[in-house]
Number of protein chains: 2
Amino acid sequence: MMAGLPLAINIFIKLREDILRGRMKNGEKLTEQRICNEYNVSRTPVREAFRLLEQEGLIEMIPNRGAFVTGFLPQDIADMYDMRKEYEILAFKWAVERMTQEELEEIRNAYELMEFYTHKGDSVKAQDQNVHFHELIYKASHNKQLTRILTSYQYYTKLFKEDGDIEMTEEEDMEEVLKEHSEILESLEDRDAKRGVAVVRKHLESSKIRAGYGGFDD
Amino acid sequence: MMAGLPLAINIFIKLREDILRGRMKNGEKLTEQRICNEYNVSRTPVREAFRLLEQEGLIEMIPNRGAFVTGFLPQDIADMYDMRKEYEILAFKWAVERMTQEELEEIRNAYELMEFYTHKGDSVKAQDQNVHFHELIYKASHNKQLTRILTSYQYYTKLFKEDGDIEMTEEEDMEEVLKEHSEILESLEDRDAKRGVAVVRKHLESSKIRAGYGGFDD
DNA sequence: TTTACTACTATTGTATACAATTATATGTTA
DNA sequence: TAACATATAATTGTATACAATAGTAGTAAA
């Protein structure tokens, strides 16, 4: 558990991961006492965690009855890629208008680090910079709501991808991701919203396909 | 308070409204005890409500320090209209693909009721059907996440509009809204995604302008 | 057997009690 | 006075206790 954070937050994070990784059956009942025993905590923080899970739509709480897991279907995951795509486009547009020079430099730095680690063969650190690159664009959009939602989408799609024993992103894929990031970076540096929207759209559509959710409705 | 629901949910709803209506200063500290005294409840449900407010980005909780109100700036509200617009478009697209005949009829029914109440001069009931019309489209998109987010956006923008002593939507505005809804309904009935996206976009841009957030960045 | 009622158990909802941390006030020293 | 240290109070974090509701088993009557 992350030290310093309240138990409620730590329990929320753990349970969210369990649900997203499919470790709990759809419709399964979560009794508070069971979670208390598992983590050796009292019901107070567990209840707070449950409320957060409900707000995220991962469990359904029925008053006086209990909390039930609400799983994700493949279609839901495919949909989430589309929802993320629209907001990534929005974040890019606002970043073009609102980012500071310093923020642009941070983004460029994240790109270069990802390039470095990719060519070095360190796919874990390259992945970290991949995530970081996107998060810096969210930050540069200067909108907290959008940033919060996109951050959670990124986390969700990351867990889905790692789910089901699917291998980590392939070497060749990483080169493709890198190429797409370079196009996004160029568009930002040129403050070229038109091109940027096109490449961000392409990037997210590719990532949906890479994750195996291509053939659903697009 | 809504009977049947847990106190935590009722307190969350009340505090959310207080914050969105601007009844609390930006940065103001919310002590748990104060809320307990105000609503005559114990700290347990208050803390659960605080967690929900934090998740929505309406307060910031600093461990061992307390909860502080995070207000909305005009720019944030303008942004939210843009975020809502993109998801309304997505909901429309998915509704065109996924709605049942029964759902289409419910939507048509809501439109006709709004038309009836508007011409009868009952703007309150007309407003209710306005909201209902949109919510039925969310439902017809068959995506719970999207539905949940759009429902909350609708609530947010509604409170912002009612804020600051601004008059209820004008008579002439209601006619305009009605006209736009009829175009959305027609597009749904024809399952014409291309036209529908255009009219939904127009509808949301108009509503942003009607609410007074037109001149921010669009 | 089926239904309805009762008693009991399990679980959730809420309040309170205790622990840990932070803020405030007081006093001391340079 | 200003800076620091210490004691005290206030507030949050967590655990437990009590209340209310829902589920279950068992029994009796039809």
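First the proteins, then the strands, lettered A, B, ... as listed; each starts at 1.
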Touch class at under 4.0 angstrom, heavy-atom based, for A:Ile11 against every strand present: nothing

Sugar-phosphate only, base, or nothing, as touched by A:Leu30 at under 4.0 Å among non-hydrogen atoms: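 Sugar-phosphate, no base atom in range.
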
Is there a side-chain polar atom (N or O) of [X] under 4.0 Å from OP1 or OP2 of [N]?
{"X": "A:Ser42", "N": "D:dA15", "answer": "yes"}
{"X": "B:Thr44", "N": "C:dT14", "answer": "no"}
{"X": "B:Arg47", "N": "D:dG13", "answer": "yes"}

Give the rounded distance in Å between these two atoms: [atom1] of [X] and [atom2] of [N].
{"X": "A:Lys29", "N": "C:dT12", "atom1": "NZ", "atom2": "C1'", "result": "8 Å"}
{"X": "B:Gln33", "N": "D:dA9", "atom1": "CD", "atom2": "C1'", "result": "14 Å"}
{"X": "B:Glu48", "N": "C:dT12", "atom1": "CD", "atom2": "P", "result": "12 Å"}
{"X": "B:Glu32", "N": "C:dT21", "atom1": "CD", "atom2": "C1'", "result": "13 Å"}
{"X": "B:Leu7", "N": "C:dT14", "atom1": "CG", "atom2": "P", "result": "4 Å"}
{"X": "A:Leu5", "N": "D:dT12", "atom1": "CG", "atom2": "C1'", "result": "15 Å"}
{"X": "B:Met61", "N": "C:dT22", "atom1": "CE", "atom2": "C1'", "result": "15 Å"}
{"X": "B:Ile35", "N": "C:dT14", "atom1": "CD1", "atom2": "P", "result": "17 Å"}

Closest-nucleotide ordering on DNA chain D, the 5'-leading residue of B:Thr31 and A:Pro63: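 The residue closer to the strand's 5' end, by nearest nucleotide, is B:Thr31.
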
First encountered from the 5' end of DNA chain D, between B:Asn64 and A:Arg65: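 The 5'-side residue here is B:Asn64.
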
Aromatic plane relationship, B:Phe160 with B:Tyr156 - under 30° parallel, 30 to 60° tilted, over 60° perpendicular: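 Ring orientation, 0 to 90° scale: perpendicular.
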
Nearest-nucleotide comparison on DNA chain C, the residue closer to the 5′ end among A:Ala67 and B:Val41: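 Upstream on the strand: A:Ala67.
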
Base of D:dG13 paired with side chain of B:Arg43 (donor-acceptor, under 3.5 Å): yes

Nearest-0.5 Å distance that lies between atom CD1 in B:Ile149 and atom CE in B:Met83: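 Separation between the atoms: 8.0 Å.
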
Within-4.5 Å side-chain heavy-atom neighbours: B:His181 and B:His134: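 Yes, side chains in contact.
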
pair B:Ile35-B:Thr31: side-chain heavy atoms closer than 4.5 Å: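 Heavy-atom side-chain distance check fails, nothing below 4.5 Å.
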
Salt bridge flag under 4.0 Å for residues B:Glu28 and B:Arg34: yes

